[in-house]
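This is a predicted model, so every value here is computed, not measured. Only this structure's heavy atoms are used, side chains among them; waters, hydrogens and symmetry mates stay out.
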Amino acid sequence: MSDLGITCPYGGSFFICEHNTTEFIGCCTIDPCAGGTGTCPQKNLRPTSFARSHFDDILPLNCNNEKGSSIWYTCNFTSPPFLGCCKSDPCNALCPQADLVPAVLSTDTAAREVFLPSASIVSAAPRPVGELSVGVMTGIALGGVASIIIFAVLIYIWGRHNGRK
């Protein structure tokens, strides 16, 4: 998960209940992941906020109601910024407690990856050209260093061998 500056400005703690019956994501005053249900009762929901600088990084998630992602909001110009599901438009005024709706992780891999550690997502999508993993870059660097050392040793041996003739 990238550091999105996620906070719970009105209490509770931020939870991601990946692999639960309901994959809740958001601020809750109880642990919704306990027991594997992923359920945060409406009375325990709290607004979630994020760092304004990450507005463009956040893709829509789903909402745990009949409207799905249609009531998902990412409001950059409210104070504090709002992230989550609300029955009313929280970009005009803070989402009232009664209008908060539990958010759930999207089935869309790209939207999930924003919030989850990359190791938890197995993606069949190819990497964009030019993007190398840390492991590949480390391997290339170590291979280059080893090649230079071997080349230097061979020149040293060749020089000593020719110096004896």
Side-chain angles (χ1 to χ4, degrees), residues 1-140:
M1 173 173 91
S2 59
D3 180 19
L4 302 172
I6 300 288
T7 61
C8 299
Y10 299 99
S13 297
F14 182 73
F15 293 92
I16 300 175
C17 301
E18 184 184 20
H19 304 303
N20 278 219
T21 305
T22 300
E23 292 190 311
F24 173 82
I25 180 168
C27 295
C28 189
T29 59
I30 63 166
D31 182 354
C33 306
T37 64
T39 302
C40 180
Q42 207 286 326
K43 69 179 183 177
N44 298 102
L45 286 172
R46 296 295 182 267
T48 304
S49 188
F50 65 97
R52 292 180 202 285
S53 59
H54 290 286
F55 176 76
D56 292 330
D57 300 332
I58 299 170
L59 300 175
L61 296 181
N62 292 328
C63 301
N64 196 17
N65 72 354
E66 68 283 348
K67 296 193 179 202
S69 63
S70 68
I71 59 170
W72 168 268
Y73 293 91
T74 310
C75 306
N76 198 26
F77 298 107
T78 56
S79 185
F82 178 84
L83 168 77
C85 301
C86 186
K87 293 176 188 173
S88 57
D89 184 352
C91 296
N92 292 326
L94 180 65
C95 183
Q97 175 68 33
D99 286 359
L100 286 172
V101 175
V104 293
L105 288 171
S106 175
T107 55
D108 177 68
T109 302
R112 290 174 73 91
E113 284 179 338
V114 172
F115 293 95
L116 298 174
S118 58
S120 70
I121 300 291
V122 177
S123 175
R127 276 186 200 272
V129 175
E131 185 176 323
L132 298 175
S133 71
V134 173
V136 171
M137 290 188 290
T138 302
I140 292 170

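Although no hydrogens or angles enter the test, the distance criterion places no donor-acceptor pair under 3.5 Å between the side chain of Arg46 and the main chain of Cys28. With hydrogens and angles disregarded, no donor-acceptor distance shorter than 3.5 Å links the side chain of His54 to the backbone of Gly5.
Residues Asn64 and Thr22 come closest through the heavy atom pair ND2-CG2, 3.6 Å. Nearest heavy atoms, Asn62 versus Leu105: ND2-O, 4.0 Å. Contact record, Phe55 with Thr74: CE1-O, 3.1 Å, taken as the closest heavy-atom pair. Summarising the geometry of Ser106 relative to Ala111, their closest heavy-atom pair is CB-CB, 3.9 Å, with the distance given to 0.1 Å. Residues Ile6 and Phe115 come closest through the heavy atom pair CD1-CE2, 4.3 Å. Shortest non-hydrogen contact noted between Pro47 and Cys27 is O-SG, 3.6 Å.
Residues Ile30 and Pro41 meet the side-chain proximity criterion, which asks for heavy atoms closer than 4.5 Å. Taking the side chain as every heavy atom from C-beta outward, Cys33 and His19 never approach each other to under 4.5 Å. Within the 4.5 Å cutoff, no side-chain heavy atoms of Pro102 are placed close to those of Cys40. Looking at heavy atoms from C-beta onward, Ile25 lies out of side-chain contact with Val104 at the 4.5 angstrom threshold. Between Asp57 and Phe50, the closest side-chain pair of non-hydrogen atoms is not below 4.5 Å. Residues Phe15 and Asn20 fail the side-chain proximity criterion, which asks for heavy atoms closer than 4.5 Å.
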Might you work through the side chain to side chain contact (heavy atoms under 4.5 Å, CB included) test for Tyr10 and Leu94, ending with a clear yes or no?
-> CA-CA 11 Å; Tyr10 299 99; Leu94 180 65; 3.8 Å; yes

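By the side-chain contact (heavy atoms from CB on, under 4.5 Å) test, Thr21 is found to be paired with no residue, residues two or more places apart in sequence or in another chain being considered. Evaluation of the side-chain contact (heavy atoms from CB on, under 4.5 Å) rule for Gln42 yields Leu45, Gln97, Leu100 as partners, not counting sequence neighbours. With sequence neighbours excluded, the residues satisfying side chain to side chain donor-acceptor pair (under 3.5 Å) with Thr29 are Asn44. For Thr39, there are no side chain to side chain donor-acceptor pair (under 3.5 Å) partners, not counting sequence neighbours.
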Output a table of donor-acceptor pairs, distance under 3.5 Å, between side-chain atoms of residues 80-93 and any protein atom two or more places apart or on a different chain; print 'none' if there are none.
from, atom 1, to, atom 2, distance (Å)
Ser88, OG, Asp99, OD2, 2.8
Asp89, OD1, Cys91, N, 2.8
Asp89, OD2, Asn92, ND2, 3.2

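Counting only residues at least two apart or on different chains, the salt bridge (Lys or Arg N to Asp or Glu O under 4.0 Å) pairs with a member in residues 23-33 are Glu23-Arg112.
Atom OG in Ser53 sits 8.5 Å away from atom CG in Asp3 (nearest 0.5 Å).
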